[in-house]
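Naming: A, B, ... by sequence-line order, numbering from 1 per chain.
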Amino acid sequence: MKLFRRDAAAAVLVGGIGLAVLTGGTAYAYWTTTGTGTGEASATTALEISASSATVAAGLYPGATGIAGSVTVSNPNPFPVQVTVASFAAATPDSGHASGCTTTGVTFTSQDLTTPVTVPAKSDDTNGTAALGFTAAMTNASSNGCQGATFTSTVTLTGTS
Amino acid sequence: MRRSATVAVLAAALVAVTVPAWAAWQANGTGSGTGTARSLGTAGAPTASSSTQTSITLAWSAATGMPSGPTIAYQVERQPAAGGSWVAACTGTHATPNTATTCTDGSLTAGTGYKYRIVSAYQAWRATGTESAVLSTQAAPVATTMTATLSASRETTNSGGGANYKWAATVTITVKDNLGNVVSGAEVDGTWTYTLGNGNGNGNVDGSVTSDCTTDASGVCTVSSPNMQSNVISATFTRDGITKSGLTYSAPTPKQAVTAAKPS
């Protein structure tokens, strides 16, 4: 019986190695694996982090640069996430200014992420959060109809544990 | 023992493979950032600091709404007091607005009212301010009186001897109003009187002839006394009056007169 348990344990470990190898590449990016005390393996999805506007980059005008704002990054995972890339898409005006603000001239740029922003793990029922700064700018080409507009830029976040 | 060794090696291998995998796990996501734009402020409604018959000098309070860096410029627009299209005024245009908060709009019509408004400008942004009250140029002065000047000339029209000799006198009248403008269509009335000489009633005034003319577009007209004989040594034209609708003529005392002497 003692030898049999060792054989079984070895088999589980070999299976584990095979799983680790088979789930290489892209799968690493989206899956996390937790093992049990008996050597059984199961997989679960790494939940997406999210960002919501925290500080509005207020006061844009033609020629403005470095107008500071921030988003709050929320991490629902039970492990901390380091945001290494934050890519802002083209800014779009609110619906009330869409027809007149044909050229926004607005760009959003993330803070320097050479040192990633660490978003703490979820604790109890509360997601971990961290602020990620950005700056907004507006070129002189901004259309007359952009006055008073609110601009939104979708940010795509890449985080690692 | 071999099995135990094998298990140990495999376990070590498993750890070696899985531990780096934790570091590469990614948790991606999306969200959004927000920014808001200012609104360019409007300048105050312009007021007139001075005016002439053909110009109005405007001044207005500066626009606000921008940080201290950008220099806001202004374009001035004018509209007839009764309404109509807004057109660029002063020296500024939509393409090249002024940065000053004052300007003089020229080439206007005397005694005419206009409305103005200021469009503040920064890059492509524009903000139209409220329009002014009706601002007017000064009324043109109205001519009320007129005056005239006379000048006489003479010429020999027939140099034959005796009764064949003839000469003529001509008087040119120029009428102007009190503003210095020539007056056309003014009717000038006067009387010719003649002085005789050469032993034929020497020094006496021999009769009179009325004569009149109407000024042309240059405010000038002429009266003539032709065919005077050699015994008429001078002809004098005395202006009796000038009439022109809307203008009054204050006749000087004594009446204006001019004399042409017979050519020597």
Side-chain angles (χ1 to χ4, degrees), chain A residues 3 6-7 9-10 13-14 16-17 20-21 28-33 46-53 56-63 67 69-71 73 75 77 79 81 88 91 106 108 134 136 138 140-144 146-161, chain B residues 1-43 63-75 94-95 97 119-129:
Chain A
L3 290 176
R6 286 179 177 172
D7 290 344
L13 288 169
V14 170
I17 293 171
V21 172
Y28 282 165
Y30 300 100
W31 299 85
T32 182
T33 303
L47 300 175
E48 286 191 349
I49 58 177
S50 62
S52 60
S53 178
V56 175
L60 290 167
Y61 61 93
I67 305 297
S70 69
V71 294
V73 181
N75 177 22
N77 293 293
F79 50 84
V81 171
F88 284 88
V106 174
F108 288 73
F134 66 86
M138 175 180 277
N140 288 336
S142 178
S143 300
N144 184 36
C146 295
Q147 296 183 63
T150 297
F151 301 95
T152 302
S153 176
T154 299
V155 57
T156 300
L157 304 169
T158 300
T160 61
S161 63
Chain B
M1 288 299 291
R2 285 196 301 272
R3 286 180 178 173
S4 299
T6 301
V7 169
V9 169
L10 290 172
L14 179 60
V15 171
V17 171
T18 56
V19 168
W22 279 102
W25 288 345
Q26 293 187 355
N28 301 328
T30 59
S32 63
T34 306
T36 58
R38 294 171 180 266
S39 292
L40 181 59
T42 57
T64 59
M66 297 291 278
S68 59
T71 300
I72 300 174
Y74 305 96
Q75 54 204 30
H94 282 237
V119 180
S120 48
Y122 182 74
Q123 300 298 342
W125 286 14
R126 297 289 184 273
T128 302

Chain B shares the most heavy-atom pairs under 4.5 Å, among Thr156(A), Val155(A), Thr158(A), Thr154(A), with Val155(A)
What option among Ser70(A), Gly69(A), Ser53(A) has the most heavy-atom pairs under 4.5 Å with chain B? Ser53(A)
Considering only heavy atoms, which portion of [X] lies under 4.5 Å from any heavy atom of chain B: side chain, backbone, both, or neither?
| X | answer |
| --- | --- |
| Val56(A) | both |
| Ala58(A) | both |
| Ser142(A) | both |
| Ser50(A) | both |

Taking all non-hydrogen atoms of both residues, which atom of [X] and which atom of [Y] are closest, and how far apart?
| X | Y | value |
| --- | --- | --- |
| Gly59(A) | Arg38(B) | O-NE, 3.0 Å |
| Thr152(A) | Ser32(B) | CG2-CB, 3.7 Å |
| Gln123(B) | Pro62(A) | CG-CB, 3.7 Å |
| Gly35(B) | Phe108(A) | N-CZ, 3.6 Å |
| Thr34(B) | Phe134(A) | O-CZ, 3.7 Å |
| Ala27(B) | Asn77(A) | CB-ND2, 3.7 Å |

Between the side chain of Gln147(A) and the main-chain N/O of Arg126(B), is any donor-acceptor distance below 3.5 Å? yes
If you round to the nearest 0.5 Å, how far is CG of Asn140(A) from OH of Tyr122(B)? 5.5 Å
Can you tell me how far apart CG (Asn28(B)) and CG (Leu157(A)) are? Round to the nearest 0.5 Å. 8.0 Å
Residue selection (most heavy-atom pairs with chain A, distance under 4.5 Å) from Ala127(B), Gly65(B), Ala124(B): Ala124(B)
